[in-house]
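When a ligand or atom number is given, it counts from 1 through the structure's own listing order. These values consider heavy atoms only, across backbone and side chains, with no hydrogens, waters or symmetry-generated copies.
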Amino acid sequence: MPIDASLPYDEANIFAKILRGEVPCNKVYEDEHAFAFHDINPLAPIHVLVIPRGAYVSWDDFTLKAGDEEIAGFVRAVGEVARMTGASAQGYRLLANIGKRGGQEVPHLHVHLFGGAPLGPMLSR
Ligand code: 5GP
């Protein structure tokens, strides 16, 4: 079920548990500001989730509350993951689902990085 992204951050969400090491994941990358791991239900040969370490629900929440260094760190981490996974060589897609209409299911901001194959049209018609 898509979540209401205007709700306060829920410390019990699955990505918060992954960040705290309470739930295992297949880690790809981590640094001071960001953490990246393979999606449990991949929709492309490369499907990695990149998340900020901070407690942010949505893109708007993140950009209102996070500091410049944190925002820059997160954006750089997405690029790093694109290079590390090999996705950048042939092109890839970034996607952030936000809130109910965006179809967001996990209430911790995340960017999907898809690659490894032609990805088709941007949205189904
Ligand atoms: P959303 O729809 O919120 O943009 O995407 C949430 C993503 O998180 C989905 O692609 C789903 O497969 C992934 N996901 C949900 N729970 C887990 C989990 O426990 N571990 C991992 N690695 N991915 C998860």
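Nearest heavy-atom pair across W59 and I98 is N-CD1, 3.6 Å. Closest heavy-atom contact between P8 and V57: C-CG2, 4.3 Å. Taking every heavy atom of both residues into account, R83 and S88 meet most closely at CA-OG, 3.5 Å.
Ranking the protein heavy atoms by distance from atom 8 (O) of ligand 1 puts F15 CZ, 3.4 Å first. In terms of protein heavy-atom proximity, atom 6 (C) of ligand 1 is nearest to H110 NE2, 3.6 Å. From the protein, the heavy atom lying nearest to atom 19 (O) of ligand 1 is I14 CG1, 3.4 Å. Nearest to atom 2 (O) of ligand 1 among the protein's heavy atoms is G103 O, 3.3 Å. The protein heavy atom nearest to atom 22 (N) of ligand 1 is H38 O, 2.9 Å. In this structure, atom 17 (C) of ligand 1 lies nearest to the protein heavy atom I40 CG2, 3.8 Å.
Every atom of ligand 1 is numbered from 1 in the order shown, and the set under 4.0 Å from a heavy atom of E105 is 1 (P), 2 (O), 3 (O). Near V106, with a cut-off below 4.0 Å to any heavy atom, the atoms of ligand 1 are 3 (O), 6 (C). Remark: ligand 1 atoms within the under-4.0 Å shell around heavy atoms of N97 are 1 (P), 2 (O), 4 (O). Heavy-atom contacts of N41 reach the following atoms of ligand 1: 12 (O) (cutoff under 4.0 Å).
Comparing heavy-atom distances from atom 13 (C) of ligand 1 across D39, L95, N13, I3 singles out D39 as nearest.
When non-hydrogen atoms are compared, ligand 1 lies under 4.0 Å from the side chain of I18 (C-beta onward) but not from its backbone. The proximity of L49 to ligand 1, defined as any non-hydrogen pair under 4.0 Å, is limited to the side chain.
Within 6.0 Å of atom CZ in R101, 12 or fewer heavy atoms from other residues, nucleotides or ligands are found, so the atom counts as exposed in its surroundings.
Residue contacts with ligand 1: V23 is placed with no nitrogen or oxygen under 3.5 Å of a nitrogen or oxygen of the ligand (distance criterion only).
Heavy-atom separations between H112 and ligand 1 include at least one value shorter than 4.0 Å.
The distance from atom OH of Y92 to atom OG1 of T85, rounded to the nearest 0.5 Å, is 8.5 Å. The distance from the NE2 atom of H108 to the CD1 atom of I51 is 4.0 Å, given to the nearest 0.5 Å.
Put simply, the residue from F74, F62, Y9, F15 that forms a ring-ring contact (aromatic ring centres under 6.0 Å, His included) with Y56 is F62.
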